[in-house]
J.: 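Okay, handing you the structure first.
In each ligand, atom 1 is the first atom listed, and ligand 1 is the first ligand listed. Both backbone and side-chain heavy atoms feed into the values below; hydrogens, waters and symmetry mates do not. In this text, all values refer to a predicted model and were calculated from it rather than measured experimentally.
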Amino acid sequence: MHQQFTSNKTIMNVDKIMNDLVKKHPAEPEYHQAVREVLESIEEVYNENPQFASANIVERLIEPDRILTFKVPWADDQGAVHVNIGYRIQFNNAIGPYKGGLRFHPSVNLSILKFLGFEQIFKNSLTSLPMGGAKGGSDFDPKGKSNAEIMRFCQAFMLELWNFIGPDTDVPAGDIGVGGREIGYLYGTYRKLARENTGVLTGKGLNWGGSLIRPEATGFGCVYFANEMLSTRGESFKGKKVAISGFGNVAWGAASKVTELGGKVVTISGPDGYIYDPEGLSGDKITYMLELRASNEDIVSPYALEFESGEFVQGKRPWEVKVDIALPCATQNELNREDAENLVKNGCMCVCEGANMPCTPEAIEIFQRNGLLYAPGKAANAGGVATSGLEMAQNSMKINWSRAEVDDRLHHIMKQIHKNCVDHGTNAEGYVDYVRGANIAGFLKVANAMVDQGLV
Ligand code: NDP
Ligand code: 2IT
């Protein structure tokens, strides 16, 4: 028996909710974009289930539980003092502790972190593991900073954050600009302040609680998901040309797995432009990507000097290259209407998002109208946070699983997410709308949990 409330909300009106949201939180375009997409997908199931409207689930979901902002003062190697802003957005913990990454990038602001935190609720729900949604980070720019500067920044950041997180409360991880090195400095500071060794962060080093496969997991998961989509049309990666954007953690994992499955990765990209390598990025070229990303320069153009087969195309994005499959793995809104038209014109059959919200709404509409296989990040890149969940499980049990065990679980989770999207997203013509499927499946679990648990 569901608890009844006397809310006067009877039916969801997406335009009205969006108008109110924009009025309440103006100048947060990425957040509005992410919320609108989810509301449009869930409108029908929401209105078919009156217990959601009577508990006003939608207005309770789109507003974060709390937003922490704090000052992060730190000193550079010359002794000059800098001040950045730190954030943690604890969005929803109906199905488990708050969980989500930290992003260090100069573009970080409330709008970007709210969109990421909001999406994380549904992504984490899709993994089937007990994790709520959160995101955090800072407008700190790691580019060009020394190791010691990164360490001092991470220490100053955690000095503020540690009291608000914990292994059963809120478990941060990496995202753009936060990898194994940063997680190390953050964890060391937490351990010292809290006087405990727990799974308070994921993406840890293997010697101090980390999980095998976590570094590769987002990229691997994205390719597992794309492979499931391809198999619905009797296709696979074998012999396919693949465009990848970005050259960070996610792009690296995706490139490795595509190559393993017999595909050829012909592009990577950075803020300076993209590399086109018709011979394919495999083996030591993939290892070199990591070196590039770790360098203080943080640009892709040196690839073309290192490998003769690579051509650097300055200031452009890889979506103009003729490929069968596109995996955007860099950042939000990096693939727009024109890019989508190019991909379709060139015969691309599948677009699977490794990054969060990399395709604009106009680009998604073009993919779907042309019948492409298209998967949103909240389903396709969920392998990263899913493996974070597996890291938390290992930490709780105080054991370590083998590489094969973690990879098998990850693969199984990605197949389940795919199935869930198909179950909830197949339309009357048989086309799978993975956006709708992912949003409905992710939403139902969280919304039902909120109804079960009453008004808190
Ligand atoms: P990294 O910091 O390792 O890499 C991001 C890369 O993309 C950087 O090389 C960055 O360069 C580059 N980049 C940024 N903007 C652009 C651009 N406009 N064009 C081309 N390249 C650009 O981050 P991750 O690989 O961890 O994250 C990539 C994406 O995947 C993000 O959207 C993230 O939210 C998402 N994601 C990450 C997960 C994880 O486990 N790490 C899990 C799920 C999703 P620069 O810094 O110089 O701008
Ligand atoms: O966007 C994401 O899902 C991540 N950056 C990973 C989050 C996590 O907690 O592992």
J.: Note the single closest protein heavy atom to atom 10 (O) of ligand 2, along with its residue, its atom name and the distance in Å.
T.: S388 OG, 2.5 Å
J.: Are F157 and F70 close enough that their ring centres sit under 6.0 Å apart?
T.: yes
J.: Does a side-chain N-to-carboxylate-O contact under 4.0 Å join D175 and K135?
T.: yes
J.: So, is the end of the K145 side chain (NZ or CZ) under 6.0 Å from the ring centre of F140 and within 45° of the ring's axis?
T.: yes
J.: With heavy atoms of C329 as the reference, note each atom of ligand 1 found under 4.0 Å away.
T.: 28 (C), 29 (C)
J.: Does K240 reach the main-chain N or O of S236 with its side chain, forming a donor-acceptor pair under 3.5 Å?
T.: yes
J.: What is the closest protein heavy atom to atom 3 (O) of ligand 2, and at what distance does it sit?
T.: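 Closest protein heavy atom to atom 3 (O) of ligand 2: K123 NZ, 2.8 Å.
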J.: Return yes or no for this condition: an N or O of G174 is under 3.5 Å from an N or O of ligand 2.
T.: yes
J.: Closer than 4.0 Å to some heavy atom of P271 - which atoms of ligand 1 meet that?
T.: 11 (O), 20 (C), 21 (N), 45 (P), 47 (O), 48 (O)
J.: Run the numbers for me: atoms of ligand 1, each under 4.0 Å from some heavy atom of K143, listed by number.
T.: 47 (O)
J.: Does N381, backbone or side chain, put an N or O under 3.5 Å from an N or O of ligand 1?
T.: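 N/O-N/O distance below 3.5 Å does not exist for this pair.
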J.: Charged N to carboxylate O below 4.0 Å: is that the case for K114 and E28?
T.: yes
J.: I need the contact type for E119 against ligand 2. Using non-hydrogen atoms and a strict under-4.0 Å cut-off, is it side chain, backbone, both or neither?
T.: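 The answer is neither; E119 stays 4.0 Å or more away.
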J.: Salt bridge check: are E391 and K204 linked by an N-O gap of less than 4.0 Å?
T.: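 Salt bridge flag = yes for K204 with E391.
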J.: K135 versus ligand 1: do any nitrogen or oxygen atoms come within less than 3.5 Å of each other?
T.: no
J.: Considering non-hydrogen atoms of the protein only, which is the closest contact for atom 7 (C) of ligand 2, and what is the distance?
T.: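 Scanning the protein heavy atoms, the shortest distance from atom 7 (C) of ligand 2 goes to G101 N, 3.5 Å.
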J.: Side chain of E119, backbone of L116: donor and acceptor closer than 3.5 Å?
T.: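 Answer holds: no.
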J.: Using a 4.0 Å heavy-atom cut-off, which part of N356 comes near ligand 2: side chain, backbone, both, or neither?
T.: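 Just the side chain.
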J.: Less than 4.0 angstrom from a charged side-chain N to a carboxylate O is my criterion; do D324 and K264 meet it?
T.: no
J.: Under 4.0 Å between a side-chain nitrogen and a carboxylate oxygen: does that hold for D423 and K419?
T.: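 A salt bridge links D423 with K419.
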J.: Could you say whether the N/O atoms of N381 and ligand 2 ever approach to under 3.5 Å?
T.: no
J.: Need the ligand 1 atom indices (1-based, order shown) with element for anything under 4.0 Å from a heavy-atom of R214.
T.: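 The atoms of ligand 1 under 4.0 Å from a heavy atom of R214 are 40 (O).
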J.: Side chain or backbone, does T218 bring an N or O within less than 3.5 Å of an N or O on ligand 1?
T.: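 Such a contact does occur with ligand 1.
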J.: Give yes if a backbone or side-chain nitrogen or oxygen of Q332 is under 3.5 Å from a nitrogen or oxygen of ligand 1, and no if not.
T.: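 No; every N/O pair is 3.5 Å or more apart.
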J.: Would you check if the side chain of S309 reaches a backbone N or O of E279 as a donor-acceptor pair within less than 3.5 Å?
T.: no
J.: Where is the nearest protein heavy atom to atom 6 (C) of ligand 2: which residue, which atom, and how far?
T.: R214 NH2, 3.6 Å
J.: Below 4.0 angstrom from a heavy atom of S269, which ligand 1 atoms are there? Numbered from 1 as shown, please.
T.: 20 (C), 21 (N)
J.: For atom 9 (O) of ligand 2, what's the nearest protein heavy-atom neighbour? Residue, atom name and distance, please.
T.: K99 NZ, 2.6 Å
J.: To the nearest 0.5 Å, how far apart are CZ in F443 and CD1 in I57?
T.: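 Interatomic distance, F443 CZ to I57 CD1, rounded to 0.5 Å: 6.5 Å.
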J.: Between T331 and ligand 1, does any nitrogen or oxygen pair lie at a separation below 3.5 Å?
T.: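 No; every N/O pair is 3.5 Å or more apart.
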J.: Do any N/O atoms on L116 end up under 3.5 angstrom from N/O atoms on ligand 1?
T.: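 Min N/O separation from ligand 1 is not below 3.5 Å for L116.
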J.: Which residue holds the protein heavy atom closest to atom 24 (P) of ligand 1, what is that atom called, and what is the gap in Å?
T.: V250 CG2, 3.8 Å
J.: Could you tell me whether a side-chain N or O of D339 sits under 3.5 Å from a main-chain N or O of N336, the two making a donor and an acceptor?
T.: yes
J.: Please identify which atoms of ligand 1 are closer than 4.0 Å to at least one heavy atom of R103.
T.: 31 (C), 32 (O), 33 (C), 34 (O)
J.: I need the atoms of ligand 1 closer than 4.0 Å to a non-hydrogen atom of N249, numbered in the order shown.
T.: 3 (O), 25 (O), 26 (O), 41 (N)
J.: Would you check if the distance from the ring center of F312 to the ring center of Y276 is below 6.0 Å?
T.: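 No; Y276 has its ring centre 6.0 Å or more from that of F312.
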